[in-house]
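Worksheet: one structure, shown below.
Throughout, a chain's letter reflects where its sequence line sits, starting with A, and its residues are numbered from 1. Scope of the values below: all heavy atoms of this structure, side chains included, with no hydrogens, waters or symmetry mates.
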Amino acid sequence: MKKHEDFFQNVFAVVRLIPKGRVTNYGAIAKYLGSARSSRMVGWAMNAAHSQKDVPAHRVVNRNGELTGKIHFATPFQMQELLEKEGIKVVKDKIKDFQKSYWDPMKELEL
DNA sequence: AGCTTGACTTTGA
DNA sequence: GTCAAAGCCAAGC
């Protein structure tokens with residue numbers, strides 16, 4: 001049992017809990033795990049998330065609502081397409097009504 | 001062993 | 001509102 005792997009698994013768990021048609025940002029997940037400044041690790045975890053098929057990484061964007069991580073997908077179009085398929089409007093690599101579709105794990109889970 | 005890069009965020013100017 | 005710098009931890013070289 002390695003600690004850093006726990007962190008990754010934790011990130012995966014949270015991402016998996018993201019409801020369909022909702023999105024969140026790295027900072028929220030990082031904060032939920034304890035360190036808001038560790039948002040980079042969330043991205044790194046997402047990189048490892050490729051091994052996990054049940055991790056909807058397309059629902060995780062940066063705090064600006066931009067699809068920054070799309071380049072790491074199989075194809076850059078996949079992320080946007082998946083989001084639009086879930087009812088999320090994406091315009092120029094940015095999520096429309098980001099605040100509306102925003103899903104905060106701390107608020108929705110912890111509360 | 002150290003240094004650089006990275007799916008980022010926050011704070012200060 | 002924007003721009004620059006610091007902080008965070010892990011992987012790659």
Please classify the nucleic acid contact of [X] as base, sugar-phosphate, or nothing, using heavy-atom distances under 4.0 Å.
{"X": "A:A49", "value": "nothing"}
{"X": "A:T68", "value": "sugar-phosphate"}
{"X": "A:H58", "value": "nothing"}

Grab the [atom1]-[atom2] distance between [X] and [N] for me, whole Å please.
{"X": "A:F7", "N": "C:dA11", "atom1": "CZ", "atom2": "C1'", "answer": "14 Å"}
{"X": "A:Q9", "N": "C:dA10", "atom1": "CD", "atom2": "P", "answer": "15 Å"}
{"X": "A:N25", "N": "B:dT10", "atom1": "CG", "atom2": "P", "answer": "7 Å"}
{"X": "A:N62", "N": "C:dC8", "atom1": "CG", "atom2": "C1'", "answer": "17 Å"}
{"X": "A:N64", "N": "C:dC3", "atom1": "CG", "atom2": "P", "answer": "12 Å"}
{"X": "A:Y26", "N": "C:dA10", "atom1": "OH", "atom2": "P", "answer": "18 Å"}
{"X": "A:H50", "N": "C:dA11", "atom1": "NE2", "atom2": "C1'", "answer": "15 Å"}
{"X": "A:I95", "N": "B:dA7", "atom1": "CD1", "atom2": "P", "answer": "18 Å"}

Of the nucleotides [options], which one has an atom closest to the side chain of [X]?
{"X": "A:R63", "options": "C:dC8, B:dA7, B:dT10", "answer": "B:dT10"}
{"X": "A:M41", "options": "B:dA7, C:dG7, C:dC9", "answer": "C:dC9"}
{"X": "A:S39", "options": "C:dC9, C:dG7, B:dA7", "answer": "C:dG7"}
{"X": "A:W44", "options": "C:dA11, C:dC9, B:dA7", "answer": "C:dA11"}
{"X": "A:R37", "options": "B:dT10, B:dA7, C:dA11", "answer": "B:dT10"}

Apply the side chain to side chain contact (heavy atoms under 4.5 Å, CB included) test between A:V23 and each candidate in A:I88, A:I18, A:L67; give the one that qualifies.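 Exactly one pass, corresponding to A:I88.
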Taking B:dA7 as the reference, what is the distance to C:dA4 when you measure between their C1' atoms (whole Å, please)?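 One C1' to the other, the span is 22 Å.
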Determine whether a donor-acceptor pair (N or O, by modelled atom type, separation under 3.5 Å) exists between the side chain of A:S38 and the backbone of A:A30.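 No: the side chain of A:S38 does not pair with the backbone of A:A30.
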Main-chain N/O of A:H72 paired to A:H50 side chain as donor or acceptor, under 3.5 Å: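 Judged by distance alone, yes, a pair lies under 3.5 Å.
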Any residue of residues 73-82 of chain A with a heavy atom less than 4.0 Å from an atom of DNA chain B: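 Under 4.0 Å from DNA chain B: A:F73.
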Go through the steps for A:R63 and A:Y26 under the test side chain to side chain contact (heavy atoms under 4.5 Å, CB included), then give the verdict. CA-CA 7 Å; A:R63 80 167 208 80; A:Y26 303 91; over 6 Å; no
At less than 4.0 Å, is any side-chain N or O atom of A:N47 found next to OP1 or OP2 of B:dG6? Yes or no.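 No, no such contact exists.
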Polar side chain donor-acceptor pair, A:N64 to A:E66, under 3.5 angstrom: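 A:N64 vs A:E66: donor-acceptor pair found between side chains.
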Is it the case that the side chains of A:D97 and A:Y102 hold a donor-acceptor pair, with the cut-off being a distance below 3.5 Å and no angle test?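 No, A:D97 and A:Y102 have no side-chain donor paired with an acceptor closer than 3.5 Å.
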How far does CG of A:L33 sit from CG of A:N10, to the nearest 0.5 angstrom?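 CG of A:N10 is found 4.5 Å from CG of A:L33.
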With a 4.0 Å cut-off on N to O distance, would you call A:R59 and A:E86 a salt bridge?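 A salt bridge is present here (some side-chain N lies under 4.0 Å from a carboxylate O).
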Min side-chain heavy-atom separation A:D93-A:K70 under 4.5 Å: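 Counting from C-beta outward, A:D93 and A:K70 do come under 4.5 Å.
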Can you confirm whether A:M79 sits close enough to A:V61 that some side-chain heavy atom of one is under 4.5 Å from a side-chain heavy atom of the other?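 Touching, per the 4.5 Å side-chain cut-off.
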Pairs counted as Watson-Crick or G-U wobble with both distances under 3.5 Å: what dot-bracket string results for DNA chain C, using | for bases tied to another strand? .||||||.|||||
